[in-house]
Amino acid sequence: MAGLLALFLAFSGLYPRAQTKAPISTSLPQFEDVSGQAGLTASHISTLEQHYIIESMSGGIALFDCDDDGKLDIAMVNGSTVDRYGAGGDPLVTLYHQDADLKFTNITQSAGLTPKGWGMGIAVADFDNDGKLDIFVTGFGGSALYRSLGNCKFEDVSEKAGVRGSGFMTGAAWADYDRDGYVDLFVARYVQLDMDKLPAFGSNEKFCRYKEILVQCGPWGMEGESDLLYHNRGDGTFEEVSKKAGVDDPRHRYGLGAVWGDYDNDGWPDLYVANDAGPNFLYHNKHNGTFEEVGLLTGVALSTDGQELGSMGVDFGDFNHSGRLSIYVTNFTEQPNNLYKNLGTQGFIDVGWASKTGQPSYPYVKWGTGFVDFDNDGWLDLFVANGHVYPQVDAISGGPKYREPMQLFRNLGNGTFEDISSASGLGQVSLACRRGTAFGDVNNDGNMDMAILNVGEPPTLLINRTRNSSHRVLFKLVGTKSNRAAIGARVTILLSGVRQFSEVRAAGSYLSHNDLRQHFGLGNTTKIDSAEIRWPNGKVEALQNLHADAIYTIVEGEGIRETKPLSPLPDSAAK
């Protein structure tokens, strides 16, 4: 049925065929590093040597509004070290509140985010539908669910809710997979690791060497972990149902990034999981509380030549205006990133090389990523955060380095991308070993910004200073019958005969969480002909003739509750 529906949509004209028109002429995206003056001074915790795999994988960051004041705040996972963890660990997360435009204060203590452990990833949602966003942080040995009390105050309800978990937990993502009005939670797990019996550094010739130098052991040669799925009972507690639902990963792959998205346009959220050194999973939602793993059948499990890759980060996006979600996956060094183009009933084809994103990505170890329209021309660009796992590579003459540059690929609208990393100002940002990346409009000007976690250093906040004549719009959705944060809702806009769509997702990239508001670049167009919201429960609402350059708050069943103008761009941009 899903395939027939996709075929009907393609031929009915509800979705346009792939566009071949190049984007409008705009200035290239330009970014400014404002981390220091913004007050982001707390450092992610790690060791310099990273002798153990547990010390190199941490790295989630989130952009969300913790007190509903209209400004995005930042939550950074902290990490830890073997010694510090043995002494009780570190607070799982640091929370920065945005007090004024791009001025942040560390409010972790007053927010009540004090439980300690070893933080890995982060995902934000309103799990109890009380109108306040809650925080879930994965961790080694135990995760934490922080229920919001309002005004950026939280209480730890992990044990009460039944989501503490165990093992080496990494990527987490929320979705209402059974459409009952409450969001559920998927958690990927990585490798089995006993902190009292860690493999000695360089102890195994086969699995503890890289290009003939001694490095941390794993993941090769280590036992993997099963994954977890927590079904929300609607009473503040969850039931672990991964095996019953068919997403438990009985072969114990090395799970990392996870993201939900409706890849087959049937109105139900599906799940993609990036596995390190193994085939990736695509779980098709069967509408009855269970899933079918179709990664190999659809062509998104392996490389084009059938190789298992070291996959880390992942995102869904309609990069070619086909009306279908494609998948981008970041991989290990000397492996290209995958751009799995969605062909509908024919599955996917990897166009990483053909799109010209594979070649530039090949040398690096790639992590956080996202489909984002950075120049507001109506076409999704691609960002990738890079950083090696082995500090020891710096000793290799002429080889890869531990701190690696970021990459930005501009969508040319013809199926290919242009590497504009240096031209966008990213080349002027200090090198770091980066992991998770979160995307959102931090200063509410309609340009999409980025927060990036740096291993063993404070985070980076990159503000998009692009100056051009393109218009833009953001939608904040509020569910009533559906889950309150509208996670899983799809927004489709029509302007000048072209359709764009995006979905509300609670986590993706690499162990990170993006702004829940949906952003669209509109190019030269000043008015949206129509906007259609398909809520998570399947109900559809339509709005007509919306003006550009605004933030719309839309309530399920009620229409537009509030319209706010976007902050003005510099005079030179508004031509």
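These values consider heavy atoms only, across backbone and side chains, with no hydrogens, waters or symmetry-generated copies. Quick caveat, the model's predicted, so the values are computed rather than measured.
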**Asked** Can you tell me how far the CD1 atom of Ile533 sits from the CD1 atom of Ile554, to the nearest 0.5 Å?
**Response** 4.0 Å

**Asked** Of the options Leu543, Val540, Val491, which is the one that meets Glu532 in a side chain to side chain contact (heavy atoms under 4.5 Å, CB included)?
**Response** Val540

**Request:** May I have the step-by-step check of side chain to side chain donor-acceptor pair (under 3.5 Å) for Asp99 and Thr105, ending in yes or no?
**Result:** CA-CA 7 Å; Asp99 303 321; Thr105 299; 2.3 Å; yes

**Message:** Taking the six-membered ring for Trp, are Phe501 and Phe520 closer than 6.0 Å centroid to centroid?
**Reply:** no

**Prompt:** Taking atom types as modelled and ignoring hydrogens, do the side chains of Asn331 and Ser311 form a donor-acceptor contact shorter than 3.5 angstrom?
**Reply:** yes

**Prompt:** Parallel, tilted or perpendicular: which describes the rings of Tyr362 and Trp353, with under 30° parallel and over 60° perpendicular?
**Reply:** tilted

**Message:** Assess, by modelled atom type and distance only, whether the side chains of Asp549 and His547 contain a donor and an acceptor separated by less than 3.5 Å.
**Reply:** no

**Message:** For the CD1 atom of Ile74 and the CD atom of Gln98, what is their distance to the nearest 0.5 Å?
**Reply:** 7.5 Å

**Request:** Quick one: pull up CZ in Arg490 and CZ in Arg505 and give me the separation to the nearest 0.5 Å.
**Result:** 8.5 Å

**Prompt:** Hey, are the side chains of Gln428 and Phe31 touching, using non-hydrogen atoms and a 4.5 Å cut-off?
**Reply:** no

**Item:** Leu408 vs Leu382 side-chain heavy atoms within contact, under 4.5 Å
**Value:** no

**Request:** Hey, can you tell me if Phe319 and Phe371 have their rings parallel, tilted or perpendicular (30° and 60° cut-offs)?
**Result:** parallel

**Request:** Could you check Glu457 against Arg434 for salt bridge (charged side-chain N to carboxylate O under 4.0 Å, His left out), going step by step and ending with a plain yes or no?
**Result:** CA-CA 9 Å; Glu457 299 179 28; Arg434 307 186 193 277; over 6 Å; no

**Request:** For the pair Tyr328 and Asn337, evaluate side chain to side chain donor-acceptor pair (under 3.5 Å) and give the outcome as yes or no after the intermediate values.
**Result:** CA-CA 7 Å; Tyr328 196 69; Asn337 290 338; 3.2 Å; yes

**Message:** Measuring only between side-chain heavy atoms, which start at C-beta, is Asn514 closer than 4.5 Å to Val372?
**Reply:** no

**Prompt:** Is Thr138 close to Leu511 at the side-chain level, that is, under 4.5 Å between some pair of heavy atoms?
**Reply:** no

**Request:** Dump the intermediate steps for side chain to side chain donor-acceptor pair (under 3.5 Å) on Ser58 and His44, then the final yes or no.
**Result:** CA-CA 9 Å; Ser58 172; His44 172 264; 3.2 Å; yes

Donor-acceptor contacts, no H, no angles, side chain residues 478-485, under 3.5 Å, sequence neighbours left out:
{"from": "Thr480", "atom 1": "OG1", "to": "Glu556", "atom 2": "O", "distance (Å)": "3.1"}
{"from": "Ser482", "atom 1": "OG", "to": "Asn537", "atom 2": "N", "distance (Å)": "3.3"}
{"from": "Ser482", "atom 1": "OG", "to": "Asn537", "atom 2": "ND2", "distance (Å)": "3.4"}
{"from": "Ser482", "atom 1": "OG", "to": "Glu556", "atom 2": "OE1", "distance (Å)": "3.4"}
{"from": "Ser482", "atom 1": "OG", "to": "Glu556", "atom 2": "OE2", "distance (Å)": "3.1"}
{"from": "Asn483", "atom 1": "OD1", "to": "Ala486", "atom 2": "N", "distance (Å)": "3.0"}
{"from": "Asn483", "atom 1": "OD1", "to": "Ile487", "atom 2": "N", "distance (Å)": "2.9"}
{"from": "Asn483", "atom 1": "ND2", "to": "Ile487", "atom 2": "O", "distance (Å)": "3.0"}

**Request:** Go through the side-chain N and O atoms of Asn447 and Arg467 and say whether any donor and acceptor fall under 3.5 Å apart.
**Result:** no

**Asked** Quick one: CZ on Arg435 to CG on Asn386, what's the gap to the nearest 0.5 Å?
**Response** 10.0 Å

**Request:** Take Asp350 and Lys341 through the salt bridge (charged side-chain N to carboxylate O under 4.0 Å, His left out) test and state the conclusion after the steps.
**Result:** CA-CA 6 Å; Asp350 185 1; Lys341 179 181 176 182; over 6 Å; no

**Request:** Taking all non-hydrogen atoms of both residues into account, name the closest pair between Ala385 and Ile452 and its distance.
**Result:** CB-CG2, 4.3 Å

**Complete:** Heavy atoms of Asn285 and Asp266 approach each other most closely as O-OD2, 4.2 Å

**Request:** Applying side chain to side chain contact (heavy atoms under 4.5 Å, CB included), run through Phe374 and Leu28 and close with a yes or a no.
**Result:** CA-CA 9 Å; Phe374 289 111; Leu28 293 179; over 6 Å; no

**Asked** Given the rule in the side chain to side chain contact (heavy atoms under 4.5 Å, CB included) test, do Asp515 and Phe439 qualify, once you have shown the distances and angles that lead to the verdict?
**Response** CA-CA 6 Å; Asp515 184 357; Phe439 305 92; over 6 Å; no

**Item:** Asn454-Arg403 side chain donor-acceptor pair, cut-off 3.5 Å
**Value:** no

**Prompt:** Less than 4.5 Å apart, any side-chain heavy atom of His97 and any of Asp69?
**Reply:** yes

**Message:** Under a plain distance cut-off of 3.5 Å, with no hydrogens placed, do His519 and Asn376 share a side-chain donor-acceptor pair?
**Reply:** yes

**Prompt:** Does Thr437 reach the side chain of Val384, with side-chain heavy atoms less than 4.5 Å apart?
**Reply:** no

**Request:** Could you check Leu95 against Met76 for side chain to side chain contact (heavy atoms under 4.5 Å, CB included), going step by step and ending with a plain yes or no?
**Result:** CA-CA 7 Å; Leu95 178 61; Met76 177 192 72; over 6 Å; no

**Request:** Compare every heavy atom of Thr41 with every heavy atom of Pro458, then report the nearest pair and how far apart it is.
**Result:** CG-O, 3.5 Å

**Asked** Parallel, tilted or perpendicular: which describes the rings of Tyr272 and Tyr340, with under 30° parallel and over 60° perpendicular?
**Response** tilted

**Asked** Does a side-chain heavy-atom distance below 4.5 Å link Val473 with Leu546?
**Response** no

**Asked** In Å, rounded to the nearest 0.5 Å, how long is the span from CZ of Phe136 to CD1 of Ile122?
**Response** 10.5 Å

**Item:** Ion pair check, Arg534 and Asp262, cut-off under 4.0 Å
**Value:** yes

**Item:** For Thr298, side-chain contact (heavy atoms from CB on, under 4.5 Å) partners two or more places apart
**Value:** Leu282, Val294, Val300, Phe348

**Asked** Does the pair Asp375/Arg410 count as a salt bridge with the N-to-O cut at 4.0 Å?
**Response** yes

**Item:** Worked verdict on Leu495 versus Lys527 for side chain to side chain contact (heavy atoms under 4.5 Å, CB included)
**Value:** CA-CA 7 Å; Leu495 62 161; Lys527 186 180 71 173; over 6 Å; no

**Asked** So do the side chains of Asn545 and Ile528 get within less than 4.5 Å of each other, counting heavy atoms only?
**Response** no

**Request:** Decide side chain to side chain donor-acceptor pair (under 3.5 Å) for Ser502 and Gln518; before the verdict, give the C-alpha distance in whole Å, the side-chain angles of both, and the deciding distance to 0.1 Å.
**Result:** CA-CA 7 Å; Ser502 66; Gln518 299 304 286; 2.7 Å; yes

**Parallel, tilted or perpendicular: rings of Trp379 and His321 (30°, 60°)** = parallel

**Message:** Can a donor-acceptor pair be found, under 3.5 Å and without considering hydrogens, that links the side chain of Asp318 to the backbone of Gly323?
**Reply:** yes

**Asked** Is it true that Asp68 and Lys476 have a side-chain N and a carboxylate O under 4.0 angstrom from each other?
**Response** yes

**From Asp184 atom CG to Asp176 atom CG, the distance as rounded to the nearest 0.5 Å** = 5.5 Å

